[in-house]
Amino acid sequence: MGFQDGMRQMLLRVAAGEVEPKEWETWWNSNKAVLEESLSRGDRGRMMPALWSANYYWMAKTQSGVAYYFHSQGRPVKTSGYYEEKAKEEEFRNRQKAMEAYHRKTASARRFWEEYLEKHTAETITFDWKTLLGTPPGQKPPKAFSYKNARTTEQWKECGEELKLRLKENLQAKIAPVAKAYGMKKAGPKTFVREKNGLVSRIQFIGYFRGGGYEAMTCYLCPIYAIQYGILSLPGDVSQGEYFQKMLNGWGVIEYGMEAVDAAMVEGINRKFDDILTFLADGVLPEWQKIDSLETYFAKERRDYLEATQKGPNDPRTGRPMWNLDAEGKPDPWRADDYLFGVWDLLNGKGTEGYARLEECVRHNSDYMENRLKEFPKACNDPRDAMAVMYRNAQLFLETKEIPDAQKRQDAIRGIYEEVCRFMRYYHGLAKKTERT
């Protein structure tokens, strides 16, 4: 058998999924010189990319290159799904190993945090959220459409209305019950909030700006006096880990209202809300429940644990971190953390540290706020302008620095704290509109 016949047989075996990565690598390296003469540069690059290594992910790329080779010669071949399936299994195993190494690396910080929690036990919530997965009870049958993509104004309207109906069904059947179980109340048709011991937790679905479904979901836990931007959030493996990535993948099914919301799309919407429910009920909400006071929120053990989890393990396929929340020592662009910690320092009698932080927050944002307030004089009272609200709050606390008497100064700080919290309850959706001067 000549080389051309042997090469063709090898390529057909690859198409059929009968060649293991090591065998392919050995065969290719053994015949590299003659392959350069037999295949075009493009075919060689598609069958053996520069970064190729002996695993099933790259073997699937090789198979794709082989299929292209036969197709370009007018002899298309059917390919096996063997490599893709094995690649998925391989990636799953490798990701598991990477996460195991990550948990070992963060074990020390996690242990100190868990020991802290043992001494500061919070109320435990028991709720069988898994019963909410699947098709919402009483869901209306899918609507039959005579088209796939909306073309006319009427079709857009019809698709949008049907999409909103399916979102509402899932929101009420899946998200509302688990939010209620954790003590959250509705602050609007798609917003849930809770106040407890000086802390606020909030889940909100953001409407797509062109109409249709939900562009995103925001969720945060913070002191009532603070805004939602700050470093004391969630461990990286909760906020950016597997559940988050799965939830984010294919989000468009609940975002756009430009396709017929037929049976297949309704099923996709149901599955996407399953992902959202899992992310919240098996990750976010239990993590929030551990934090039942401002002292726990600011605990050094928690801060150390969050810092340890900021950077995820390297993705075995891309070599890049699975997530990376590490600012690498750079201050946040709004100086929201200076405001967050500055107020906490003042409340705990650490005036020097607190005022220094608040001065940095106000100084950093002063130029922006000067121009902002010229254009929008009431921006500091608008919940849609978080930066302006934070800036005004920081100013109020900073003004107490001028009070010479220590006791009167501390009383003034408590008074400002109560006043700020009163307005911030409106900001977070815990109370109706509140005016302030």
Counting only heavy atoms not in [X], do more than 12 fall under 6.0 Å of its [atom1]?
X    : atom1 : answer
E84  : CD    : no
Y68  : OH    : no
K186 : NZ    : yes

What distance do [X] atom [atom1] and [Y] atom [atom2] have between them, rounded to the nearest 0.5 Å?
X    : Y    : atom1 : atom2 : result
L358 : L346 : CG    : CG    : 5.5 Å
T278 : F273 : OG1   : CZ    : 12.5 Å
L277 : L171 : CG    : CG    : 11.0 Å
D275 : I254 : CG    : CD1   : 9.5 Å
I203 : W288 : CD1   : CH2   : 5.0 Å
N170 : L165 : CG    : CG    : 10.0 Å

If we only count heavy atoms from C-beta on, is the [X] to [Y] side-chain gap below 4.5 Å?
X    : Y    : result
Y427 : Q228 : yes
E158 : F145 : yes
N381 : F423 : yes
Y243 : I276 : no
C361 : M390 : yes
P136 : R166 : no
Y214 : E255 : no
F298 : L340 : yes

[X] with [Y]: basic N within carboxylate O range, under 4.0 Å:
X    : Y    : answer
D337 : R357 : no
K164 : E161 : no
K196 : D292 : no
E435 : K433 : yes
E419 : R422 : yes
K88  : E91  : no
E195 : R425 : yes
K22  : E25  : yes
R13  : E23  : yes
K130 : D282 : no
D304 : K300 : yes
R414 : D411 : no
R95  : D315 : yes

N/O donor-acceptor pair under 3.5 Å between [X] side chain and [Y] backbone:
X    : Y    : value
K143 : D262 : no
N365 : W334 : yes
W129 : V178 : no
E287 : V238 : no
H120 : Y116 : yes
H428 : V200 : no

Checklist line | Pair R392-Q395, side-chain hydrogen bond (donor to acceptor under 3.5 Å, both in side chains): steps then yes or no | finding: CA-CA 5 Å; R392 180 57 184 149; Q395 274 188 319; 3.2 Å; yes
Classify the side-chain pair [X]/[Y] by whether it contains a donor and acceptor separated by less than 3.5 Å.
X    : Y    : value
Y182 : S201 : no
Y56  : E20  : yes
N393 : Y225 : no
Y391 : H364 : no
N324 : Q240 : no
Q73  : Y69  : yes

Shortest non-hydrogen contact from [X] to [Y]?
X    : Y    : value
D385 : A379 : OD2-CB, 3.6 Å
R436 : L396 : NH1-CD1, 4.2 Å
L132 : P177 : CD1-CB, 4.0 Å
F341 : L232 : CZ-CD1, 3.8 Å

Next item on the list: Only one of T191, T218, I175 passes side chain to side chain contact (heavy atoms under 4.5 Å, CB included) with F205; say which it is.
Entry: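 Exactly one option meets the side chain to side chain contact (heavy atoms under 4.5 Å, CB included) with F205, and it is I175.
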Next item on the list: Assess whether side-chain hydrogen bond (donor to acceptor under 3.5 Å, both in side chains) is satisfied between N149 and Q155, documenting all intermediate values.
Entry: CA-CA 8 Å; N149 296 311; Q155 289 176 348; over 6 Å; no
Note to self: Is it the case that the ring center of Y305 lies less than 6.0 angstrom away from the ring center of F112?
What the structure shows: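 Here the rings of Y305 and F112 have centres that are no less than 6.0 Å from each other.
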Next item on the list: Kindly state whether the ring of Y339 and the ring of W344 have centres lying under 6.0 angstrom apart.
Entry: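 Between Y339 and W344, the centre distance exceeds or equals 6.0 Å.
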Note to self: Would R202 and F192 count as a cation-pi pair here, with the cationic atom under 6.0 angstrom from the ring centre and within 45° of the axis?
What the structure shows: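 The answer is no, since R202 fails at least one limit relative to F192.
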